[in-house]
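A short worksheet on the structure shown next.
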Amino acid sequence: MTHVILSNLTKSFPGNPVAAVNTMNLDIPSGQLVAFLGPSGCGKTTTLKMIAGLITPTVGDITFDGASVLAVPPEKRGAVMVFQNYLLFPYMSVGQNVGFGLKMRGVEPKVIDRKVIEMLDLVKLPNIANRRPRQLSGGQQQRVALARALITEPKVLLLDEPLSNLDAHLRDEMRELILSIQRNLGVTMIFVTHDQEEAVLLANQIALIFDGVLQQYAAPDVFYRQPISERAARFFGGINFVPATRRGERLETAFGAFHVRTPGVENAPEGEVTLTIRPEQVVLNPADDENCTSGRIRSRIYVGTYTRYKIMIGDIEIEATRSGDIDHALNEGDAVRVGFPADRIWVVGRS
Amino acid sequence: MIGERWRIPLMLAPTLIIIVVLFFGSLGYGFLQSLGWQPNIGNTTFSLDAYATVLFSPEYREQFWSGLWLTIWVSLASTFISAALALMSALLLRQTFIGKKIATFLFQLNLPVPHLVIAIGMIFLFSQSGLAARAAAQLGMISTPNEFPVMLRDAGGVGIILAYLWKEVPFFGIVLLAILQSVGEDYEDLARSLGANRWQRFRHVILPLVMPGLLSSSIIVFAFTFGTYEVPKLLGVRFPEMLPVMALEFFLNPDLNARAEGMALSMIIAAITLLIVVAYMWAGNRAVQR
């Protein structure tokens, strides 16, 4: 259980005028599972490696339980990384791989053997200690890599894209395993991902990073309800963005005025803004006429568990989804009333 | 119509035929000659006389055994020291530093230079009448060039080993650099975060990862240094004499009967090379697994 704080953490690489990580401040309470989320090249793995001590920050500090670890070499820092491609040593057996960290610490072979068995049980892979890594599936290799990291009882466990190389079924299994281990051991875990779904499924808190800059640090649901920017909203699947002028609770758009009363919106920007609402929150033909406008259905796509509608309101396209069976009363070309519930609309700065 | 499963063996056949014919043809013919079979001079019987002469006759016994130890020493020392120096250099060259491109170019500069040229270069540089001796005398470090330490044509084969190092370090280096670049540094980073110090990372991560390539290159270098005669002929002494030079002298003997001894010696060289290569591979693999 380690409390990790990043203070003004910055990393610039020689020959590159743009900092890979720029003045990052982050407070990760002990026992939390935090995701560093962002597109490729945004600096999330660089940040992870700085926490592990494998990359030295240009500026800033990293503390574990209040003490700076910048002067502590990676081998003594207790921040263990699990790499995306597992990196099991091909010339060792599974058992030797798992026991590697303890062997490096000079632990007695008998103790190592016992702990290896415990760890392999923990990751639900008993009786494979004598196998070679090449004899394992991708999912099994990932579990062995996890066991190899956990056996050292790390202060912080750092996972680089832990689910990205697994197929859908194994992703679910691995997610459950990571969550149960995290709950049982209470170890502080930080993982890197470019997949917002992976971040939402696993993390208590998500740190959204674009271009080396921390954009938003919050619980997963906040990114859906209250994204910090249009870019953040788009990253989480937001597609409805309408230019608006905000005056308090009133939002004026090209197709009418709307009220906004979503909790937290009082801290959102005023003036020239962008109205955003998630497709699943848009109501078609609502009973109530408040916050409503008229549009015409441009297309209707049935996707199995829901139907996706594209609606033209003037020259602005809005997308709405309806779960359940297809509604045959709503067809392409039909006029439709479109409702934006006042407690579902969100406002971001105009980009 | 030829089945799909025969396609690859048939495509490989021309290459394999050349290798098999040349290898077993020449080896077989050489083996027969080593048994005294030389129909062109009327010898059509088989015997082990040539082997007995080389190994046990008073004339050649001492020359053979002292030559054998010198050959083993020179080949093992050249191979092992070249591999160690190349590994250290490759580990440095893969890092980012000022002048990396120039250093890498210089490191591989003498790869295309023949061994013969290297040996002659050694004589020009390090013999007692060479550039280094004269420069040392000019600088007053020694009073005459003759006082320059004997580095070439010494009984311990130091000059030969130096020439081989000059030539083989870049060879090992190019193989190791390629391996290290393909492996990357992630394994070392991982080991580091699991608590491995610098030595442990070298011993338990780098060495096992490069060992297959290192062993293959070592076999090539060892077999080459054990069986080649140009460098020891130019930089070695008359006694003890490395086995390939001794074999060459049998071949150059105007008496064609000496050809059998030359072939017997060549067969012994091949057999010893094979034995030592097997032992080297076994020891290398064991070292990795421990």
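Throughout, a chain's letter reflects where its sequence line sits, starting with A, and its residues are numbered from 1. On a predicted model such as this, the values are computed, not experimentally measured, just so you know.
With a threshold of 4.5 angstrom between heavy atoms, A/F100 approaches chain B through side-chain atoms but not through N, CA, C or O. The parts of A/L87 that come within reach of chain B are both its backbone and its side chain, each placing non-hydrogen atoms under 4.5 angstrom from that chain. Heavy atoms closer than 4.5 Å to chain B are found nowhere in A/I51, neither backbone nor side chain.
Taking the ring axis of B/Y187 as reference, the NZ or CZ atom of B/R192 does not stay both within 45° of it and closer than 6.0 Å to the ring centre. Relative to the six-membered ring of A/F13, A/K11 meets both conditions, a distance below 6.0 Å and an angle of at most 45° to the axis.
Most heavy-atom pairs under 4.5 Å with chain B: of the set A/K49, A/M92, A/R148, this distinction falls to A/R148. Ranked by heavy-atom pairs under 4.5 Å with chain A, the list B/D186, B/N197, B/L209 is led by B/D186.
Salt bridge A/K115/A/E153: present, at least one basic N to carboxylate O contact under 4.0 Å. Between A/D195 and A/R171 there is a salt bridge, since at least one side-chain N of the basic residue sits less than 4.0 Å from a carboxylate O of the acidic one.
Using a 30° and 60° split on the angle between ring planes, B/F224 and B/Y164 fall in the perpendicular class, above 60°.
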